[in-house]
Amino acid sequence: MKGQLEARGISYSYGERQVLREVSLSVRPGLFTAIIGPNGSGKTTIFKNLLRLLSPQKGSVLLDGREIQEFSRREYARAAGSVPQNPALDYEYTVEELVLMGRYPHLGRLQRLSSRDREIAREAMRRADVLNLRHQRITRLSGGEAQRVVIARALTQEPRILALDEPTNHLDIRHQTAILGLLKELCRDREIAVVAILHDLNFALSYADMVLLLHEGAVYSSGPPMEVLTPRAIEAVYGIEATITENPFNGKPHIVYRT
């Protein structure tokens, strides 16, 4: 099945400061992969390498066995959708106009948007809970609303891979759980490969199928969340004592920190 993204031995430095040390990661169709780690551990740098915003100084990134640098910009945009942490939304587009831009990689030169393109965008807005905002100017939205609009635009691309940098940033609790639930649903129902940087370890524990834990630019551990997010690993990487207990609402594992 198409849609497997692999980072193989990625190393990257900013000047003399090395921020990634031979990091490998496999993002597979139908799975939600979370990238976690403290500030400065290299999360955003590996994310940018996956999206061609940076080029590996050592190692390679492959989509379905092909180096991503070999893809044209349009071709890669059809395969991979992205949601940055703080998107620049400075233009006076409406929400609907911005979301419809997600269809552009699928259009030929001078080809106009079809009724199907508009329906795909409408469904994406509905799923991201911004359909009621479709006529609003994006510059007048709150940070949380803007975040959901950018997620809707990425869904409108119909990508095989969806990469998100802190997708719950700016969102209230209700929308945090709704967006993460939607990402999990896309993995299950559409076999999309989702990779997301998460700060909340309990979100990683609850929603991710696979976790990559970074520490000082290297892979500390990777695998299923219950194997990676152990009290020993949390203390070693984050410097805080923790224990795993049971969430009283759903019976699932839940991390509790010593305060």
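None of the values given here were measured: they were computed from a predicted structure.
- Criterion: ILVMFWY side-chain heavy atoms under 4.5 Å apart, direct or through other members. Under it, Ile161 and Leu25 are part of a common hydrophobic cluster.
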Intermediate values then yes/no, side chain to side chain contact (heavy atoms under 4.5 Å, CB included), Thr177 and Tyr207: CA-CA 9 Å; Thr177 56; Tyr207 292 96; 3.7 Å; yes
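- Side chain of Arg160 to backbone of Ile192: no donor-acceptor contact under 3.5 angstrom is found.
- Here the closest non-hydrogen pair linking Ser222 and Leu212 is CB-CD1, 3.9 Å.
- With hydrogens and angles disregarded, a donor-acceptor distance shorter than 3.5 Å links the side chain of Gln18 to the backbone of Leu20.
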Derivation of the side chain to side chain contact (heavy atoms under 4.5 Å, CB included) call for Gln147 and Val83: CA-CA 8 Å; Gln147 186 81 350; Val83 177; 4.2 Å; yes
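- Checked by atom type and distance alone, the side chain of Tyr91 never pairs as donor or acceptor with a backbone atom of Leu98 at under 3.5 Å.
- Hydrophobic clustering keeps Val256 apart from Phe203 (ILVMFWY residues linked when any side-chain heavy atoms are closer than 4.5 Å, directly or through intermediates).
- Annotation for His254 and Leu205: closest pair N-CD2, 4.0 Å, computed over non-hydrogen atoms.
- One N or O on the side chain of Asn49 and one on the backbone of Thr45 form a donor-acceptor pair closer than 3.5 Å.
- Between Arg66 and Glu75 a salt bridge is recorded (basic side-chain N to carboxylate O distance below 4.0 Å).
- Hydrophobic clustering keeps Val23 apart from Met210 (ILVMFWY residues linked when any side-chain heavy atoms are closer than 4.5 Å, directly or through intermediates).
- Without hydrogens or angle criteria, Ser11 side chain to Glu22 main chain gives a donor-acceptor distance under 3.5 Å.
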Verdict with supporting geometry, Leu229 and Asn202, side chain to side chain contact (heavy atoms under 4.5 Å, CB included): CA-CA 9 Å; Leu229 290 169; Asn202 276 308; over 6 Å; no
Steps toward side chain to side chain contact (heavy atoms under 4.5 Å, CB included) verdict (Val95, His135): CA-CA 6 Å; Val95 166; His135 301 307; over 6 Å; no
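- One hydrophobic cluster holds both Ile244 and Leu201 under the rule that ILVMFWY side chains link at heavy-atom gaps under 4.5 Å.
- Between the side chain of Arg74 and the main chain of Tyr104, a donor-acceptor pair closer than 3.5 Å is present.
- A cation-pi arrangement is not found for Arg137 relative to Tyr93, the charged atom failing to lie both closer than 6.0 Å to the ring centre and inside a 45° cone about the ring normal.
- Ion pair Lys252/Glu246 not flagged as a salt bridge, since none of the NZ, NE, NH1 or NH2 atoms sits closer than 4.0 Å to an Asp/Glu carboxylate oxygen.
- Judged by distance alone, with hydrogens and angles left aside, the side-chain atoms of Thr168 form no donor-acceptor pair with the main-chain N or O of Leu171 at under 3.5 Å.
- At distances below 3.5 Å, at least one donor-acceptor pair connects side-chain atoms of Arg78 with backbone N or O atoms of Pro105.
- Taking the charged nitrogens against the carboxylate oxygens, Glu123 and Arg126 do have a contact shorter than 4.0 Å, which makes a salt bridge.
- Of all the heavy atoms in Gln136 and Leu141, the pair that sits closest is CB-CD2, 4.0 Å.
- Between the side chains of Glu92 and Thr139, a donor-acceptor pair is found at a separation under 3.5 Å.
- For the residue pair Tyr220/Ser41, the side-chain donor-acceptor check at 3.5 Å is not satisfied.
- By the 4.0 Å N-to-carboxylate-O rule, Glu241 lies close enough to Arg258 to be salt-bridged with it.
- One hydrophobic cluster holds both Leu214 and Val61 under the rule that ILVMFWY side chains link at heavy-atom gaps under 4.5 Å.
- Taking both residues in full, the closest heavy atoms of Ile36 and Lys43 are given as C-CD, 3.6 Å, listed atom of the first, atom of the second, then distance.
- Under 4.0 Å is where a charged nitrogen must lie from a carboxylate oxygen, and between Arg103 and Glu158 at least one such pair does.
- Screening Ser82, Pro167, Pro84 against Val150 for a side-chain contact (heavy atoms from CB on, under 4.5 Å) leaves a single residue, Pro84.
- A donor-acceptor pair under 3.5 Å is formed between the side chain of Asp64 and the backbone N or O of Gln4.
- Under 4.0 Å is where a charged nitrogen must lie from a carboxylate oxygen, and between Asp209 and Lys184 at least one such pair does.
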